[in-house]
Amino acid sequence: MTGRTDVLTFNLNNPSRERAERQLAYLAARPEQVLVLTETADSAGCVFLAERFTAAGYAVTFPRPEPRGA
């Protein structure tokens, strides 16, 4: 089927850096062309994922949410 785009929506749940490394291994192996990652925060784990996917050539949009309690 041509013209098809597969999308994966994945709840990160604001991971620690260590958990983000495991999530990266899982997500990088996925066949979908578009990844929608939810429950992000301006945290070490989410920044790590954004940086790694950017370095791998993905187009990354990662607006930094307001800190909790702000």
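Residue numbers run from 1 in the order of the sequence given. Keep in mind that what you see is a predicted model, and the values were worked out from it rather than measured.
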> CG/Asn14 to OG1/Thr38 distance, rounded to the nearest 0.5 angstrom?
Replying inline: 11.0 Å
>> To the nearest 0.5 Å, what is the distance between CG on Leu35 and CG on Leu8?
In response: 5.5 Å
> Between Arg22 and Glu18, does at least one N-O distance fall below 4.0 Å, as a salt bridge requires?
Replying inline: no
Under 4.5 Å between side-chain heavy atoms, counting indirect links through other Ile/Leu/Val/Met/Phe/Trp/Tyr residues: same cluster for [X] and [Y] or not?
X	Y	value
Phe10	Val34	no
Leu27	Val36	no
Val60	Val7	no

>> Donor-acceptor check, side chain of Arg19 to backbone of Leu12, threshold 3.5 angstrom: yes or no?
In response: yes
> Does Leu37 reach the side chain of Gln23, with side-chain heavy atoms less than 4.5 Å apart?
Replying inline: no
Shortest non-hydrogen contact between [X] and [Y], atoms and distance:
X	Y	value
Cys46	Pro15	SG-CD, 3.7 Å
Arg4	Gln33	O-NE2, 4.3 Å
Gly45	Ala20	O-CB, 3.4 Å

> Mind checking whether Phe62 and Phe53 have ring centres under 6.0 Å apart?
Replying inline: no
